[in-house]
Undergrad: 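Could you have a look at this structure, given as structure tokens, before my questions?
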Amino acid sequence: QVPPARCALFDPAFSAREAAALRALGLCLLPENEEGKRGVDGAATLFYMVHCGKALYNNLLWSNWSPAALSRLVIIGNSFRGIEERLLSRILERDYSYIAKVLKGVEEVALPSHPRYLDTFNDTSVHWFPLDKLQELSPEVWDFLEEPMYQDCEDLEIIRKGE
């Protein structure tokens, strides 16, 4: 069991009342919007990112862009395969290049749907990154480390720092 103090949370939409309730439960609220750019720092880490924008997933991958780091994280969130299916490949590669590059190195299992919440959690999957699959990717995949900027992105689905 993970102690509450080791659970870090952030949502730019948290009200003061919600933040106070979460703190009262002993949870750690991050002081600022990291835009998903959070490294695992060598520890196994679960990211619960249901209904997040593609840029948050892309930023998280960028922040952990090595086989060693990625193999230590698990993401519960929107299906990467679904993202790939819904976006034109040129948009995926231009705007969300880290998602595009890791597709062959990720394992994904869809969470079972619930008849009452079909329209809410219909695209949620558990993602993990087996080290052996990541090591099979070409070395060039790991050489590109440019921070995502999203200048040409038309439908950026995140709240940026300072917004």
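Side chains included, hydrogens not; waters and symmetry mates left out as well; all remaining heavy atoms used. Source: prediction; values computed, not measured.
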Undergrad: Would you find a donor on one side and an acceptor on the other, under 3.5 Å apart, between the side chain of Trp142 and the backbone of Gln135?
TA: no

Undergrad: In sequence, state the C-alpha distance, the side-chain angles, and the governing distance for Tyr98 and Asn64, and then conclude on side-chain hydrogen bond (donor to acceptor under 3.5 Å, both in side chains).
TA: CA-CA 10 Å; Tyr98 292 95; Asn64 294 285; over 6 Å; no

Undergrad: Tell me, which pairs form a ring pair (Phe, Tyr, Trp, His ring centres under 6.0 Å) where one or both residues lie in residues 76-95, sequence neighbours left out?
TA: Tyr57-Phe80, Phe80-His127

Undergrad: Is it the case that the side chain of Trp62 and the backbone of Leu145 share a donor-acceptor pair, with hydrogens and angles ignored and the cut-off at 3.5 Å?
TA: yes

Undergrad: Hydrophobic clusters here meaning ILVMFWY residues chained together by side-chain heavy-atom distances under 4.5 Å, can you tell me if Met149 and Leu60 are in one?
TA: no

Undergrad: For a side-chain contact (heavy atoms from CB on, under 4.5 Å) check, start with the C-alpha distance between Phe47 and Arg38, then their side-chain angles and the critical distance, and finish with the verdict.
TA: CA-CA 10 Å; Phe47 290 88; Arg38 185 148 189 91; 4.3 Å; yes

Undergrad: Do Ile99 and Val40 sit in the same hydrophobic cluster, where Ile, Leu, Val, Met, Phe, Trp and Tyr count as joined when their side-chain heavy atoms come under 4.5 Å apart?
TA: yes

Undergrad: Are Arg81 and Leu103 side-chain neighbours, meaning at least one heavy-atom pair lies under 4.5 Å?
TA: yes

Undergrad: Please say yes or no: joined through hydrophobic side-chain contacts below 4.5 Å, possibly via intermediate residues, are Leu137 and Phe129 part of one cluster?
TA: yes

Undergrad: Transitively linked via ILVMFWY side-chain contacts under 4.5 Å: Phe144 with Leu70?
TA: yes

Undergrad: Could you point out which residue of Leu73, Ile76, Val2 forms a side chain to side chain contact (heavy atoms under 4.5 Å, CB included) with Leu46?
TA: Ile76

Undergrad: Has the side chain of Asn78 got a donor or acceptor atom that lies under 3.5 Å from a matching backbone atom of His51?
TA: yes

Undergrad: Rounded to the nearest 0.5 Å, what separation is found between the CG atom of Asp11 and the SG atom of Cys52?
TA: 8.0 Å

Undergrad: If you take all heavy atoms of Ala110 and Ser125, which pair is closest and at what distance?
TA: CA-OG, 3.5 Å

Undergrad: Answer whether the closest heavy-atom distance between the side chains of Asp95 and Lys54 falls below 4.5 Å.
TA: no

Undergrad: Please give me the minimum heavy-atom distance between Tyr150 and Ala55, naming the atom from each residue.
TA: OH-O, 3.3 Å

Undergrad: Tell me whether Arg6 at atom CZ has more than 12 heavy atoms from other residues, nucleotides or ligands lying less than 6.0 Å away.
TA: no

Undergrad: Is it the case that the side chain of Ser71 and the backbone of Ala68 share a donor-acceptor pair, with hydrogens and angles ignored and the cut-off at 3.5 Å?
TA: yes

Undergrad: Can you tell me if CD on Glu147 sees more than 12 non-hydrogen neighbours from other groups inside 6.0 Å?
TA: yes

Undergrad: Which heavy atom of Lys133 sits nearest a heavy atom of Val106, and at what distance?
TA: NZ-O, 3.6 Å

Undergrad: So do Ile83 and Tyr96 actually touch side chain to side chain, heavy atoms under 4.5 Å?
TA: no

Undergrad: Please give me the minimum heavy-atom distance between Leu30 and Ala8, naming the atom from each residue.
TA: CD2-CB, 3.8 Å

Undergrad: Could you pull out all donor-acceptor pairs under 3.5 Å where a side-chain atom in residues 17-26 meets a protein atom, sequence neighbours excluded?
TA:
residue, atom, partner, partner atom, Å
Glu18, OE1, Ser15, N, 2.7
Glu18, OE1, Ser15, OG, 3.4

Undergrad: Got a second to check how far Gln151's CD is from Arg94's CZ, nearest 0.5 Å?
TA: 10.5 Å

Undergrad: Is any side-chain heavy atom of Leu134 closer than 4.5 Å to one of Val102?
TA: yes

Undergrad: Return the minimal non-hydrogen interatomic distance between Pro148 and Lys37, and the atom names on each side.
TA: O-NZ, 4.3 Å

Undergrad: Identify whether Leu131 and Val74 are in the same connected component of the hydrophobic contact network (ILVMFWY, side-chain heavy atoms under 4.5 Å).
TA: no

Undergrad: Do you know the tightest heavy-atom contact between Leu156 and Cys153?
TA: N-SG, 3.9 Å

